[in-house]
Amino acid sequence: MPSIAVYPGSFDPITLGHLDIAARAANLFDELHVLVVHNPAKAPRFSSEERVELIRASLAELKVSGPAKITVDTLDGGLLVNYCKMVGATALVKGFRTSVDLDYELPMAQVNRDLAGVETVFIPADPVHGHVSSSLVKQVADLEGQINKYVSEAVACALTTSVANRKAQG
Ligand code: PNS
């Protein structure tokens, strides 16, 4: 039976930190689903479709692969564990930078295990990416700072365009 995992998140947009976690998870499983999930607590900069495209472009640009077959998908409603059941995944992958991330993730991991027996595999962030988050990258981009160290070229280009469009709209 193939080992199948889901790596969920807002990915608004995907960063080099997320891509590092995806690459390392791809070494652990036969199949990895990178899943864009709508988080009602956050107002997204990019649509789900745009985020999926940016993830695909970033995976290709950085040649992220591994033994795993990687697919990119969206979940626009419903429980994450239902998506896991649908694709036969028995594990979720989450990256964490500090204990703050773990405090946020732990109850979700416990609920997902409670609901459907889906385990969460936590992968520690590479310290190189320890300070990188989607929200900080958006803030730096909005203030016209350099974001190339934190995201793929595809994402840097999309963010620069979105900042220009927002400015043009006042
Ligand atoms: O990148 P984020 O915003 O921290 O990701 C959080 C996310 C989207 C993974 C989380 O909100 C989630 O799992 N949502 C799916 C809805 C769900 O199944 N909720 C119940 C168990 S947590």
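These values consider heavy atoms only, across backbone and side chains, with no hydrogens, waters or symmetry-generated copies. Ligands are counted one by one from 1 in listed order, and the atoms in each one are counted from 1 as well.
Protein heavy atoms are found inside the 4.0 Å sphere centred on atom 8 (C) of ligand 1.
For residues 99-109, the set of pairs meeting the side-chain hydrogen bond (donor to acceptor under 3.5 Å, both in side chains) definition, not counting sequence neighbours, comprises Lys94-Glu105, Arg97-Asp101.
You'll find the side chain of Lys69 stays beyond 4.5 Å of the side chain of Ile4, heavy atoms only.
The Lys42 neighbourhood of ligand 1 comprises atoms 1 (O), 2 (P), 3 (O), 4 (O), with distances under 4.0 Å to a heavy atom of that residue.
At the top of the distance list for atom 20 (C) of ligand 1, counting protein heavy atoms only, stands Leu79 CD2, 3.8 Å. The protein heavy-atom contact nearest to atom 1 (O) of ligand 1 is Ser10 N, 2.9 Å. The nearest heavy-atom contact from the protein to atom 4 (O) of ligand 1 is Tyr104 OH, 3.0 Å. In this structure, the protein non-hydrogen atom closest to atom 13 (O) of ligand 1 is Leu80 CD2, 3.4 Å. In this structure, atom 10 (C) of ligand 1 lies nearest to the protein heavy atom Met108 SD, 3.8 Å.
On a distance-only criterion, Asn112 and ligand 1 share no N/O pair closer than 3.5 Å. No N or O atom of Lys94 sits closer than 3.5 Å to an N or O atom of ligand 1. For the pair Gly9 and ligand 1, the shortest N or O to N or O distance does not fall below 3.5 Å. Residue-to-ligand polar distances keep His38 apart from ligand 1: every N/O pair is separated by 3.5 Å or more.
Using a 4.0 Å cut-off between charged side-chain N and carboxylate O, Arg24 and Asp20 make a salt bridge.
Under a 3.5 Å cut-off, the side chain of Ser134 and the backbone N or O of Pro13 do form a donor-acceptor pair.
The proximity of Phe11 to ligand 1, defined as any non-hydrogen pair under 4.0 Å, does not occur for either the backbone or the side chain. With a 4.0 Å heavy-atom cut-off, ligand 1 is reached by the side chain of Asn39 but not by its N, CA, C or O.
Distances from atom 12 (C) of ligand 1 to the heavy atoms of Asp101, Asp114, Val37 put Val37 nearest.
For Leu28, the side-chain contact (heavy atoms from CB on, under 4.5 Å) test picks out Ile123, with sequence neighbours left out.
Side-chain heavy atoms closer than 4.5 Å link hydrophobic residues (I, L, V, M, F, W, Y) into clusters, and following such links, possibly through other members, connects Val64 to Val36. The hydrophobic clustering, which links ILVMFWY residues whose side-chain heavy atoms are closer than 4.5 Å, places Val6 and Ile21 apart. Leu35 is not connected to Phe11 by any chain of hydrophobic side-chain contacts under 4.5 Å among Ile, Leu, Val, Met, Phe, Trp and Tyr, and they are in different clusters.
If you check the side chains of Asp76 and Ser48, you find a donor sitting under 3.5 Å from an acceptor.
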